[in-house]
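As the structure is a prediction and not an experimental result, all values here were calculated from the model. The figures here come from the full heavy-atom set of this structure, side chains too, leaving out hydrogens, waters and symmetry mates.
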Amino acid sequence: MSKFDEIRSFHDCEVNEAVQSIIRHPMMKALMNFTFPNVDEKILSEQLKNTHSIYDFQKNFISHTIRKILETSSQGLTTSGFDKLDKNTSYLFVSNHRDIVLDTSLLNLILLDKGYIMTSSAIGDNLVQQNFLHILAKLNRNFLVQRGLSLRGQLKSSQLMSEYIFQLLTRENRSVWIAQREGRTKDGKDATQQGVLKMLAMAAGNTSLPEFFKNLRIVPLSISYEYDPTDVLKMPQLLAKQNDEVYVKSKDEDFNTMMSGVLGQKKRIHLHAGNIINEELNDIAVNLDNKNKQLQAIAQIIDDSVIDNYKLWPTNYIAYDLLNKTEQFSEKYTDKEKQIFERRLEMRINIDDETLRNGFLSMYANPVVSKMKLLPESF
């Protein structure tokens with residue numbers, strides 16, 4: 001028994017039994033049929049029965065699922081910045097968060113193809129309440145972020161997760177992915193919540209914060225999708241927030257969002273691995289002695305990297321121009337691209353509802369706004 005049993009992913013010695021428990025599940029059959037449409041079910045079943053590690057499960061099955069998703073619902077995945085990483089070193093990828101399933105899956109596909117250490121990734125336990133999804137998540141090296149706890153429970157859970165992440169990075173040499181904030185960004189404004197950094201720092205013990213964060217080897221990760229397949233699904237929550245209302249999710253909302261993200265059209269996708277945060281932490285150690293200010297400064301470094309390296313697409317510039325009734329960025333897109341975006345807008349929302357229209361456009365336009373604030377000289 002380990003104190004991490006409640007949240008950890010499977011150990012390799014547990015993988016075969018876990019795989020065998022879901023081979024006959026209808027969702028597993030559907031997943032395999034989607035991934036390998038021309039392979040006999042019996043052959044796939046035998047191959048699954050011979051799977052004895054998470055790496056083998058991800059390499060031989062899930063990586064092909066992600067490639068199939070890219071093939072059927074995108075116009076390709078591009079990357080930059082990963083060549084700075086060392087293939088034998090683990091990193092903490094702190095990432096902006098757009099899609100429940102794909103953000104981590106795409107990162108791990110890139111790491112697999114480039115020969116880097118793949119990640120153990122945080123996922124909210126509210127997203128894997130179905131037994132099949134829980135097992136599948138643990139087979140993909142996900143660890144659970146416990147939701148809906150009391151304040152005391154949250155504190156205990158945060159301490160546990162902090163220690164687990166630190167163990168993965170420093171003792172197991174396992175990279176980790178974590179979102180820069182709780183939940184996906186709904187409005188296109190990417191910002192690191194200080195609470196995430198506070199959680200990570202709970203394992204620091206007597207080590208100073210700058211030194212502790214150095215040991216984590218943080219790599220800010222920028223993920224950008226030309227089209228967000230869940231854009232319209234984010235609108236009710238955005239509107240509730242705008243109206244200071246409490247938003248209550250429907251029963252199957254998380255599952256429907258996951259499926260929409262996987263199957264919906266994304267067009268082009270880009271992932272950029274920023275520079276490892278190191279030297280900046282020396283400056284923080286020298287210039288700031290207040291822990292809150294140190295955490296604020298670290299959050300700002302992550303934010304600046306995520307925004308600076310975020311790939312802006314024609315959809316972002318079109319949305320900015322439509323929202324602001326301008327043609328400031330008209331050279332960044334074609335008339336055809338603008339027509340396609342406007343058609344999407346009309347099909348997905350009631351464009352006569354100004355609040356809805358502005359919310360939808362802002363979701364795509366805000367990455368432009370963020371970059372203009374950070375790099376005014378570039379615009």
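At least one side-chain heavy atom of Q58 sits less than 4.5 Å from a side-chain heavy atom of N140. Side-chain contact between T119 and V176 is absent, with no heavy-atom pair separated by less than 4.5 Å. Considering only heavy atoms from C-beta on, Q180 comes within 4.5 Å of N96 through its side chain. For the pair L374 and Y310, the minimum side-chain heavy-atom distance is 4.5 Å or more. With a 4.5 Å cut-off on side-chain heavy atoms, L48 and M28 count as touching. Between F61 and F36 the shortest side-chain heavy-atom distance falls below 4.5 Å. Inter-residue side-chain proximity for H25 and I135 is flagged as unmet; no heavy-atom pair is nearer than 4.5 Å. Between D283 and E279, every side-chain heavy-atom pair lies at or beyond the 4.5 Å cut-off.
Within the 3.5 Å criterion, the main-chain N or O of S208 finds no donor-acceptor partner in the side chain of E211. Although no hydrogens or angles enter the test, the distance criterion places no donor-acceptor pair under 3.5 Å between the side chain of S162 and the main chain of S158. Although no hydrogens or angles enter the test, the distance criterion places a donor-acceptor pair under 3.5 Å between the side chain of S370 and the main chain of N366. One N or O on the side chain of R174 and one on the backbone of M118 form a donor-acceptor pair closer than 3.5 Å. Checked by atom type and distance alone, the side chain of S45 never pairs as donor or acceptor with a backbone atom of E41 at under 3.5 Å. Without hydrogens or angle criteria, D125 side chain to R147 main chain gives a donor-acceptor distance under 3.5 Å. Under the 3.5 Å distance criterion, the side-chain polar atoms of S21 are matched with a main-chain donor or acceptor of A18. In terms of modelled atom types and a separation under 3.5 Å, the side chain of E337 and the main chain of D335 share no donor-acceptor contact. A donor-acceptor contact shorter than 3.5 Å is absent between the side chain of S305 and the backbone of I302.
In this structure, I269 and L271 approach most closely via the heavy-atom pair CG2-CD1, 4.0 Å. In plain terms, the two heavy atoms of D321 and S330 that are nearest each other are OD2-N, 3.5 Å. Minimum heavy-atom separation, K214 to L281: N-CD1, 3.5 Å. For the residue pair Y320 and Q328, the shortest heavy atom distance occurs at CE2-OE1, 3.6 Å. Here the closest heavy-atom approach between residue R98 and residue T230 is recorded as O-OG1, 4.5 Å. Of all non-hydrogen atoms in K114 and F82, the two that sit nearest each other are CD-CB, 3.9 Å.
The closest side-chain donor-acceptor pair between Q75 and E226, if any, does not fall under 3.5 angstrom. For the residue pair T51 and D56, no side-chain donor N or O sits within less than 3.5 Å of a side-chain acceptor on the partner. With 3.5 Å as the limit, one finds no donor-acceptor pair spanning the side chains of Q167 and E163. Side chain to side chain, Q20 and N16 meet the donor-acceptor criterion of an N or O pair below 3.5 Å. S73 and K266 are linked by a side-chain donor-acceptor pair at a separation below 3.5 angstrom, with hydrogens and angles left out of the test. Counting only N and O atoms by type, the side chains of H270 and T78 include a donor and acceptor under 3.5 Å apart. No side-chain N or O of Y333 forms a donor-acceptor pair with one of N316 less than 3.5 Å apart. Side-chain atoms of Q300 and D304 form a donor-acceptor pair, as typed in the model, at a separation below 3.5 Å. Judged purely by distance below 3.5 Å, without hydrogens or angles, the side chains of Y55 and D12 never pair a donor atom with an acceptor atom. Using modelled atom types, one finds a donor on one side chain and an acceptor on the other under 3.5 Å when comparing S90 with R217.
Ring centers of F4 and Y164: under 6.0 Å apart, within the cut-off.
In N350, the CG atom is crowded: over 12 heavy atoms of neighbouring residues, nucleotides or ligands sit closer than 6.0 Å. Shown here is E182, whose CD atom has no more than 12 heavy atoms of other residues, nucleotides or ligands within 6.0 Å. A 6.0 Å sphere centred on NZ of K84 holds more than 12 heavy atoms belonging to other residues, nucleotides or ligands. The local environment of CD in E327 is sparse, with at most 12 non-hydrogen atoms from other residues, nucleotides or ligands closer than 6.0 Å. Counting heavy-atom neighbours within 6.0 Å of K267 NZ, excluding the residue itself, gives a total above 12. Counting heavy-atom neighbours within 6.0 Å of E346 CD, excluding the residue itself, gives a total above 12. Heavy-atom contacts from other residues, nucleotides or ligands closer than 6.0 Å to CG of D5 number more than 12.
A distance of 7.0 Å separates CD in Q294 from CG in D289, rounded to the nearest 0.5 Å. Rounding to the nearest 0.5 Å places CG of L221 at 7.0 Å from CZ of F93. One distance of note links CZ of R268 with NZ of K311; it measures 7.0 Å at 0.5 Å rounding. The CD1 atom of I298 lies 9.5 Å from the CG atom of L200; values are rounded to the nearest 0.5 Å. Interatomic distance, CH2 of W177 versus CD1 of I165, reported as 11.0 Å (0.5 Å rounding). The CG atom of N173 sits 6.5 Å away from atom OG1 of T89, with the distance rounded to the nearest 0.5 Å.
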inquiry  = Y116 vs Y91, test: ring pair (Phe, Tyr, Trp, His ring centres under 6.0 Å). Steps then yes/no.
reply    = CA-CA 10 Å; Y116 293 112; Y91 299 97; 7.8 Å; no
task = Start with the C-alpha distance between L92 and F166, add both sets of side-chain angles, then the distance that settles side chain to side chain contact (heavy atoms under 4.5 Å, CB included), and finish with yes or no.
result = CA-CA 10 Å; L92 173 61; F166 188 67; over 6 Å; no
ask   = Given the rule in the salt bridge (charged side-chain N to carboxylate O under 4.0 Å, His left out) test, do K68 and E71 qualify, once you have shown the distances and angles that lead to the verdict?
value = CA-CA 5 Å; K68 194 74 174 177; E71 182 189 315; 3.7 Å; yes
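Exactly one of I277, I284, V286 qualifies for a side chain to side chain contact (heavy atoms under 4.5 Å, CB included) with P210. That residue is I284.
Using a cutoff of 4.0 Å between basic side-chain nitrogens and carboxylate oxygens, K49 and E46 are scored as salt-bridged. A salt bridge is defined here as a Lys NZ or Arg NE, NH1 or NH2 lying under 4.0 Å from an Asp or Glu carboxylate O, and K371 with D190 fails to meet this definition.
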